[in-house]
A.B. asks: 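Quick one: the structure is below, questions incoming.
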Amino acid sequence: MGKKIQLGTKILSANEEYAQQNSKLLRKKGKYCLNMISSPGSGKTTILTRTITDLKGRLKIGVIEGDIQTQLDAERIRATEAPAVQINTNGSCHLSAAQVSSALAQLPLADIDLVIVENVGNLVCPSAFELGEDGKVVVLSVAEGDDKPAKYPAIFSKSKVLLINKIDLLPSGAVDFNIEKVKSDARRLNKDIQIFCASAKTGQGMEGWYDWLIKTVNKTG
Amino acid sequence: MHETMVAKNLLDSIAAEAAKQRAKPIIARISCGTFNAVNDEVLKFAFDAIAKGTLCEGMKLQIEHKTIQGKCSSCGRQFDFDLTKPACRHCGCDKFDLLPDPPLLLEEIEFEGNPETE
(Lines give C-alpha, C1' and ligand atoms only; values in the text may rest on other atoms or scores of the structure.)
Protein backbone atom coordinates (compact mmCIF):
# COMPACT_ATOMS: atom_id res chain seq x y z
CA MET A 1 0.00 0.00 0.00
CA GLY A 2 1.40 3.37 -1.02
CA LYS A 3 1.76 6.21 1.39
CA LYS A 4 -0.57 9.20 1.07
CA ILE A 5 0.06 12.70 2.32
CA GLN A 6 -2.60 15.37 2.74
CA LEU A 7 -1.54 18.85 1.69
CA GLY A 8 -4.30 21.33 0.81
CA THR A 9 -1.72 23.79 -0.56
CA LYS A 10 -2.48 26.45 -3.16
CA ILE A 11 -1.04 25.41 -6.51
CA LEU A 12 -0.53 28.99 -7.67
CA SER A 13 1.13 30.12 -4.45
CA ALA A 14 4.34 31.16 -6.26
CA ASN A 15 2.35 33.70 -8.29
CA GLU A 16 0.45 34.81 -5.19
CA GLU A 17 3.69 35.60 -3.36
CA TYR A 18 4.75 37.97 -6.13
CA ALA A 19 1.24 39.45 -6.17
CA GLN A 20 1.46 40.18 -2.44
CA GLN A 21 4.86 41.84 -2.92
CA ASN A 22 3.44 44.04 -5.70
CA SER A 23 0.45 44.95 -3.58
CA LYS A 24 2.70 45.83 -0.63
CA LEU A 25 4.93 48.05 -2.79
CA LEU A 26 1.93 49.86 -4.32
CA ARG A 27 0.33 50.39 -0.93
CA LYS A 28 3.57 51.69 0.57
CA LYS A 29 3.88 54.24 -2.23
CA GLY A 30 0.15 55.10 -2.06
CA LYS A 31 -0.60 54.07 -5.66
CA TYR A 32 -3.87 52.57 -6.83
CA CYS A 33 -3.64 49.71 -9.36
CA LEU A 34 -6.21 48.29 -11.78
CA ASN A 35 -5.92 45.12 -13.87
CA MET A 36 -7.84 45.56 -17.13
CA ILE A 37 -9.03 42.36 -18.78
CA SER A 38 -11.01 41.65 -21.96
CA SER A 39 -11.08 39.77 -25.24
CA PRO A 40 -8.66 40.97 -27.93
CA GLY A 41 -10.06 43.96 -29.81
CA SER A 42 -12.58 45.18 -27.22
CA GLY A 43 -10.88 48.59 -27.15
CA LYS A 44 -8.76 48.47 -23.98
CA THR A 45 -5.92 50.58 -25.39
CA THR A 46 -8.32 53.14 -26.89
CA ILE A 47 -10.07 53.41 -23.50
CA LEU A 48 -6.67 54.03 -21.91
CA THR A 49 -5.45 56.64 -24.39
CA ARG A 50 -8.75 58.55 -24.19
CA THR A 51 -8.85 58.32 -20.38
CA ILE A 52 -5.24 59.53 -20.02
CA THR A 53 -5.85 62.45 -22.38
CA ASP A 54 -9.21 63.51 -20.91
CA LEU A 55 -7.94 63.28 -17.30
CA LYS A 56 -4.71 65.22 -17.93
CA GLY A 57 -4.15 67.53 -14.97
CA ARG A 58 -6.59 65.55 -12.80
CA LEU A 59 -5.07 62.06 -12.63
CA LYS A 60 -1.55 60.87 -13.49
CA ILE A 61 -1.76 57.42 -15.03
CA GLY A 62 1.06 54.97 -15.76
CA VAL A 63 0.46 51.88 -17.85
CA ILE A 64 1.86 48.35 -17.97
CA GLU A 65 1.02 46.79 -21.33
CA GLY A 66 0.78 43.01 -21.71
CA ASP A 67 0.86 41.52 -25.19
CA ILE A 68 2.11 38.31 -26.71
CA GLN A 69 4.17 40.27 -29.24
CA THR A 70 5.06 43.86 -30.27
CA GLN A 71 5.53 47.27 -28.63
CA LEU A 72 2.51 48.70 -30.45
CA ASP A 73 0.31 49.34 -27.43
CA ALA A 74 3.05 50.90 -25.29
CA GLU A 75 3.84 53.23 -28.21
CA ARG A 76 0.18 54.29 -28.38
CA ILE A 77 0.21 55.05 -24.65
CA ARG A 78 3.54 56.97 -24.85
CA ALA A 79 2.05 59.12 -27.62
CA THR A 80 -0.22 60.58 -24.91
CA GLU A 81 2.97 61.41 -22.92
CA ALA A 82 2.04 58.95 -20.16
CA PRO A 83 4.73 56.48 -19.05
CA ALA A 84 4.27 52.92 -20.31
CA VAL A 85 6.19 49.66 -19.93
CA GLN A 86 5.57 46.90 -22.44
CA ILE A 87 5.72 43.23 -21.40
CA ASN A 88 5.87 40.65 -24.20
CA THR A 89 4.75 37.26 -22.95
CA ASN A 90 6.01 35.45 -26.08
CA GLY A 91 3.06 33.11 -26.34
CA SER A 92 1.71 33.07 -22.80
CA CYS A 93 -1.98 33.97 -22.62
CA HIS A 94 -1.88 36.02 -19.39
CA LEU A 95 0.42 38.22 -17.32
CA SER A 96 2.02 36.81 -14.18
CA ALA A 97 2.68 38.75 -10.98
CA ALA A 98 6.45 38.27 -11.47
CA GLN A 99 6.30 40.03 -14.86
CA VAL A 100 4.33 42.90 -13.34
CA SER A 101 6.87 43.13 -10.53
CA SER A 102 9.72 43.86 -12.96
CA ALA A 103 7.53 46.26 -14.95
CA LEU A 104 6.64 48.21 -11.78
CA ALA A 105 10.36 48.70 -11.15
CA GLN A 106 10.64 50.43 -14.53
CA LEU A 107 7.70 52.84 -14.04
CA PRO A 108 8.38 56.30 -12.55
CA LEU A 109 5.98 55.63 -9.65
CA ALA A 110 6.72 58.97 -7.97
CA ASP A 111 4.99 60.74 -10.92
CA ILE A 112 1.96 58.41 -11.03
CA ASP A 113 -1.33 58.26 -9.08
CA LEU A 114 -2.81 55.24 -10.81
CA VAL A 115 -1.18 52.21 -12.44
CA ILE A 116 -3.31 50.43 -15.00
CA VAL A 117 -2.18 47.02 -16.19
CA GLU A 118 -3.61 46.14 -19.58
CA ASN A 119 -3.58 42.36 -19.55
CA VAL A 120 -3.16 40.12 -22.60
CA GLY A 121 -6.43 40.01 -24.58
CA ASN A 122 -8.20 36.93 -23.21
CA LEU A 123 -11.38 36.58 -21.11
CA VAL A 124 -10.34 33.36 -19.37
CA CYS A 125 -6.74 32.89 -18.26
CA PRO A 126 -5.90 36.35 -16.84
CA SER A 127 -8.74 36.02 -14.35
CA ALA A 128 -6.90 33.18 -12.58
CA PHE A 129 -3.68 35.13 -11.91
CA GLU A 130 -3.67 37.87 -9.29
CA LEU A 131 -1.11 40.58 -10.03
CA GLY A 132 -1.31 42.53 -6.78
CA GLU A 133 -3.93 44.95 -8.10
CA ASP A 134 -6.60 46.74 -6.06
CA GLY A 135 -9.29 45.76 -8.53
CA LYS A 136 -10.07 44.30 -11.92
CA VAL A 137 -11.86 46.09 -14.76
CA VAL A 138 -13.50 43.87 -17.36
CA VAL A 139 -14.16 45.47 -20.75
CA LEU A 140 -16.83 44.03 -23.05
CA SER A 141 -17.49 45.57 -26.44
CA VAL A 142 -20.99 45.27 -27.85
CA ALA A 143 -19.77 43.48 -30.99
CA GLU A 144 -18.75 40.48 -28.85
CA GLY A 145 -22.33 39.61 -27.94
CA ASP A 146 -24.43 39.80 -24.78
CA ASP A 147 -23.85 36.18 -23.72
CA LYS A 148 -20.32 36.80 -22.38
CA PRO A 149 -21.11 37.05 -18.64
CA ALA A 150 -22.86 33.66 -18.90
CA LYS A 151 -20.05 32.07 -20.90
CA TYR A 152 -17.11 33.58 -18.99
CA PRO A 153 -18.48 34.04 -15.47
CA ALA A 154 -15.15 34.09 -13.62
CA ILE A 155 -13.94 37.47 -14.79
CA PHE A 156 -17.35 39.11 -14.29
CA SER A 157 -17.60 37.72 -10.77
CA LYS A 158 -14.13 39.01 -9.83
CA SER A 159 -14.22 42.52 -11.33
CA LYS A 160 -14.94 45.82 -9.61
CA VAL A 161 -15.98 47.45 -12.87
CA LEU A 162 -17.63 46.33 -16.09
CA LEU A 163 -17.03 48.81 -18.90
CA ILE A 164 -19.31 48.13 -21.87
CA ASN A 165 -17.52 49.69 -24.83
CA LYS A 166 -18.36 50.67 -28.43
CA ILE A 167 -21.98 51.61 -27.63
CA ASP A 168 -21.81 53.98 -30.62
CA LEU A 169 -22.37 50.84 -32.74
CA LEU A 170 -25.80 50.17 -31.23
CA PRO A 171 -28.12 52.74 -32.90
CA SER A 172 -27.28 51.46 -36.41
CA GLY A 173 -28.67 48.03 -35.48
CA ALA A 174 -25.54 46.39 -36.91
CA VAL A 175 -25.01 44.39 -33.72
CA ASP A 176 -27.52 42.60 -31.52
CA PHE A 177 -26.63 43.40 -27.95
CA ASN A 178 -29.05 43.61 -25.06
CA ILE A 179 -27.41 45.90 -22.50
CA GLU A 180 -30.02 45.15 -19.81
CA LYS A 181 -29.39 41.40 -20.13
CA VAL A 182 -25.63 41.91 -19.71
CA LYS A 183 -26.18 44.14 -16.68
CA SER A 184 -28.51 41.69 -15.00
CA ASP A 185 -26.27 38.65 -15.72
CA ALA A 186 -23.20 40.52 -14.44
CA ARG A 187 -25.03 41.61 -11.27
CA ARG A 188 -26.18 38.05 -10.61
CA LEU A 189 -22.52 37.04 -10.59
CA ASN A 190 -21.38 40.10 -8.70
CA LYS A 191 -23.91 42.36 -7.02
CA ASP A 192 -21.32 45.08 -6.25
CA ILE A 193 -20.03 45.45 -9.81
CA GLN A 194 -20.00 49.04 -11.17
CA ILE A 195 -21.22 49.16 -14.76
CA PHE A 196 -20.47 51.92 -17.27
CA CYS A 197 -21.69 52.03 -20.88
CA ALA A 198 -19.44 54.09 -23.12
CA SER A 199 -17.70 54.60 -26.40
CA ALA A 200 -14.00 55.31 -26.07
CA LYS A 201 -14.02 56.34 -29.72
CA THR A 202 -16.67 59.08 -29.48
CA GLY A 203 -16.28 59.82 -25.76
CA GLN A 204 -19.97 59.12 -25.08
CA GLY A 205 -20.58 57.89 -21.53
CA MET A 206 -16.94 58.12 -20.43
CA GLU A 207 -17.69 60.63 -17.61
CA GLY A 208 -19.15 57.95 -15.32
CA TRP A 209 -15.95 55.92 -15.64
CA TYR A 210 -13.79 59.02 -15.04
CA ASP A 211 -15.76 60.01 -11.92
CA TRP A 212 -15.41 56.49 -10.54
CA LEU A 213 -11.65 56.49 -11.23
CA ILE A 214 -11.04 59.88 -9.59
CA LYS A 215 -13.17 59.06 -6.56
CA THR A 216 -11.59 55.61 -6.12
CA VAL A 217 -7.98 56.72 -6.57
CA ASN A 218 -8.39 59.72 -4.27
CA LYS A 219 -9.70 57.44 -1.52
CA THR A 220 -6.35 55.60 -1.63
CA GLY A 221 -3.97 58.56 -1.91
CA MET B 1 -3.93 27.66 -22.01
CA HIS B 2 -3.16 28.80 -18.45
CA GLU B 3 -3.12 25.10 -17.60
CA THR B 4 0.55 25.01 -18.67
CA MET B 5 1.41 27.42 -15.84
CA VAL B 6 -0.79 25.43 -13.44
CA ALA B 7 0.96 22.20 -14.54
CA LYS B 8 4.42 23.70 -13.96
CA ASN B 9 3.51 24.92 -10.47
CA LEU B 10 1.92 21.58 -9.69
CA LEU B 11 5.00 19.67 -10.85
CA ASP B 12 7.26 21.88 -8.69
CA SER B 13 5.09 21.28 -5.60
CA ILE B 14 4.91 17.52 -6.12
CA ALA B 15 8.66 17.25 -6.83
CA ALA B 16 9.42 19.15 -3.61
CA GLU B 17 7.19 16.80 -1.58
CA ALA B 18 8.63 13.72 -3.30
CA ALA B 19 12.14 14.83 -2.36
CA LYS B 20 11.04 15.22 1.27
CA GLN B 21 9.30 11.84 1.30
CA ARG B 22 12.05 10.15 -0.75
CA ALA B 23 9.41 8.26 -2.69
CA LYS B 24 8.02 8.15 -6.19
CA PRO B 25 4.67 9.95 -6.49
CA ILE B 26 2.00 8.06 -8.44
CA ILE B 27 -1.27 9.96 -7.96
CA ALA B 28 -2.01 13.61 -7.18
CA ARG B 29 -5.49 14.75 -6.19
CA ILE B 30 -6.34 18.34 -6.86
CA SER B 31 -9.50 20.36 -6.43
CA CYS B 32 -10.68 23.60 -7.97
CA GLY B 33 -13.66 25.91 -7.99
CA THR B 34 -15.91 26.72 -10.92
CA PHE B 35 -14.09 29.94 -11.75
CA ASN B 36 -10.60 28.44 -11.99
CA ALA B 37 -11.68 27.19 -15.40
CA VAL B 38 -9.31 24.23 -15.39
CA ASN B 39 -9.82 21.91 -18.33
CA ASP B 40 -8.93 18.39 -17.18
CA GLU B 41 -7.65 17.12 -20.51
CA VAL B 42 -5.49 20.17 -21.14
CA LEU B 43 -4.03 20.08 -17.64
CA LYS B 44 -3.26 16.35 -17.86
CA PHE B 45 -1.69 16.77 -21.30
CA ALA B 46 0.47 19.68 -20.10
CA PHE B 47 1.47 17.84 -16.94
CA ASP B 48 2.43 14.65 -18.85
CA ALA B 49 4.54 16.70 -21.22
CA ILE B 50 6.59 18.54 -18.58
CA ALA B 51 6.79 15.53 -16.22
CA LYS B 52 8.63 13.48 -18.85
CA GLY B 53 12.07 12.50 -17.64
CA THR B 54 11.33 13.55 -14.03
CA LEU B 55 10.35 11.51 -10.97
CA CYS B 56 6.74 12.50 -11.73
CA GLU B 57 6.66 10.85 -15.15
CA GLY B 58 3.55 8.69 -15.61
CA MET B 59 1.72 10.17 -12.60
CA LYS B 60 -2.06 10.25 -12.59
CA LEU B 61 -3.95 13.46 -11.84
CA GLN B 62 -7.40 13.26 -10.27
CA ILE B 63 -9.24 16.55 -10.50
CA GLU B 64 -12.29 17.38 -8.42
CA HIS B 65 -14.42 20.33 -9.52
CA LYS B 66 -16.31 22.11 -6.77
CA THR B 67 -19.38 24.02 -7.92
CA ILE B 68 -19.60 27.57 -6.63
CA GLN B 69 -22.25 27.90 -3.91
CA GLY B 70 -25.04 30.40 -3.53
CA LYS B 71 -26.43 31.18 -0.08
CA CYS B 72 -30.12 32.03 -0.07
CA SER B 73 -31.15 35.28 1.61
CA SER B 74 -34.60 33.87 2.51
CA CYS B 75 -34.07 30.32 3.75
CA GLY B 76 -30.33 30.61 4.46
CA ARG B 77 -29.49 27.32 2.79
CA GLN B 78 -26.66 26.76 0.30
CA PHE B 79 -27.10 25.50 -3.24
CA ASP B 80 -25.08 24.84 -6.43
CA PHE B 81 -25.15 28.11 -8.36
CA ASP B 82 -26.24 27.96 -11.99
CA LEU B 83 -26.37 31.25 -13.94
CA THR B 84 -29.03 29.91 -16.29
CA LYS B 85 -31.34 29.27 -13.30
CA PRO B 86 -30.31 31.95 -10.82
CA ALA B 87 -32.50 31.08 -7.85
CA CYS B 88 -32.31 29.09 -4.62
CA ARG B 89 -32.68 25.35 -5.31
CA HIS B 90 -34.63 24.91 -2.07
CA CYS B 91 -37.15 27.74 -1.90
CA GLY B 92 -36.92 29.39 -5.34
CA CYS B 93 -35.98 32.81 -3.96
CA ASP B 94 -33.85 34.87 -6.37
CA LYS B 95 -32.07 36.89 -3.66
CA PHE B 96 -28.81 35.24 -2.69
CA ASP B 97 -25.09 35.79 -2.19
CA LEU B 98 -22.38 33.93 -4.04
CA LEU B 99 -19.86 32.36 -1.67
CA PRO B 100 -16.14 32.60 -2.53
CA ASP B 101 -15.03 30.28 -5.31
CA PRO B 102 -12.83 27.47 -3.90
CA PRO B 103 -9.14 27.99 -4.81
CA LEU B 104 -7.02 25.63 -6.88
CA LEU B 105 -5.55 23.19 -4.33
CA LEU B 106 -3.13 20.28 -4.30
CA GLU B 107 -5.07 18.11 -1.87
CA GLU B 108 -3.17 14.84 -1.64
CA ILE B 109 -0.25 12.92 -3.11
CA GLU B 110 -0.04 9.15 -3.13
CA PHE B 111 3.40 7.52 -3.34
CA GLU B 112 4.60 4.13 -4.54
CA GLY B 113 4.52 1.33 -1.95
CA ASN B 114 8.19 0.37 -2.04
CA PRO B 115 10.37 3.42 -2.29
CA GLU B 116 13.69 2.71 -3.96
CA THR B 117 15.46 4.42 -1.13
CA GLU B 118 14.37 1.84 1.47
A.B. asks: Is B:K8 atom NZ crowded by more than 12 heavy atoms from other residues, nucleotides or ligands, each under 6.0 Å away?
C.D. replies: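 Check fails, neighbour count at 12 or below.
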A.B. asks: Around atom CZ of B:R89, are there more than 12 heavy atoms of other residues, nucleotides or ligands at under 6.0 Å?
C.D. replies: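 Counting neighbours around CZ of B:R89, more than 12 heavy atoms of other residues, nucleotides or ligands fall under 6.0 Å, so yes.
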A.B. asks: Between B:I109 and chain A, which part of the residue has a heavy atom less than 4.5 Å away: side chain, backbone, both or neither?
C.D. replies: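 Both backbone and side chain.
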A.B. asks: Indicate yes or no: does B:D101 engage A:K158 in a salt bridge with an N to O separation below 4.0 Å.
C.D. replies: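 A:K158 and B:D101: not salt-bridged.
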A.B. asks: Do the side chains of A:L189 and B:F81 get nearer than 4.5 Å, heavy atoms only?
C.D. replies: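 The answer is yes, as the side chains (C-beta and beyond) meet within the 4.5 Å cut-off.
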A.B. asks: State the OG-CE distance between A:S96 and B:M5, to the nearest 0.5 angstrom.
C.D. replies: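 These two atoms lie 5.0 Å from each other.
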A.B. asks: Which distance, rounded to the nearest 0.5 Å, do you find between the CD of B:E108 and the CD1 of A:I5?
C.D. replies: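 Rounded to the nearest 0.5 Å, the CD-CD1 separation comes to 9.0 Å.
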A.B. asks: Atom NZ in A:K10, atom CG in B:N9: separation rounded to 0.5 Å?
C.D. replies: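 Answer for the NZ-CG pair, A:K10 versus B:N9, is 13.0 Å.
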A.B. asks: Nearest heavy-atom pair of B:L105 and A:G8: which atoms, and what distance?
C.D. replies: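 Smallest interatomic distance, heavy atoms only, reads CD2-O, 3.8 Å.
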A.B. asks: First locate atom CD of B:E110, then atom NZ of A:K3, and finally report the distance between them rounded to the nearest 0.5 Å.
C.D. replies: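 One gets 12.5 Å once the value is rounded to the nearest 0.5 Å.
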A.B. asks: What's the shortest heavy-atom distance between B:H2 and A:C93, and which atoms?
C.D. replies: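 Between these two residues, the closest heavy atoms are N-SG, 3.7 Å.
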A.B. asks: Could you tell me which portion of A:F129 (side chain, backbone, both or neither) has an atom closer than 4.5 angstrom to a non-hydrogen atom of chain B?
C.D. replies: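 Side chain only.
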A.B. asks: Please identify, among A:A14, A:S13, A:P153, A:A128, the residue contributing the most non-hydrogen atom pairs under 4.5 Å to chain B.
C.D. replies: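 Most heavy-atom pairs under 4.5 Å with chain B: A:P153.
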A.B. asks: Got a second to check how far B:I27's CD1 is from A:K4's NZ, nearest 0.5 Å?
C.D. replies: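 B:I27 atom CD1 to A:K4 atom NZ measures 7.5 Å (nearest 0.5 Å).
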A.B. asks: Step through the shown structure and confirm whether more than 12 heavy atoms of other residues, nucleotides or ligands are within 6.0 Å of CZ on A:F196.
C.D. replies: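 Yes, enclosed.
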A.B. asks: Tell me which of these, A:P126, A:S157, A:S127, has more heavy-atom pairs under 4.5 Å with chain B than the rest.
C.D. replies: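 Among the listed options, the one with the most contacts to chain B is A:S157.
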A.B. asks: With a 4.5 Å cut-off on heavy-atom pairs, point out which of A:I11, A:L7, A:N15 contacts chain B the most.
C.D. replies: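 Heavy-atom pair counts peak at A:I11.
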A.B. asks: Could you check whether any side-chain heavy atom of B:D97 comes within less than 4.5 Å of a side-chain heavy atom of A:K191, counting everything from C-beta outward?
C.D. replies: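 B:D97 vs A:K191: side chains touch.
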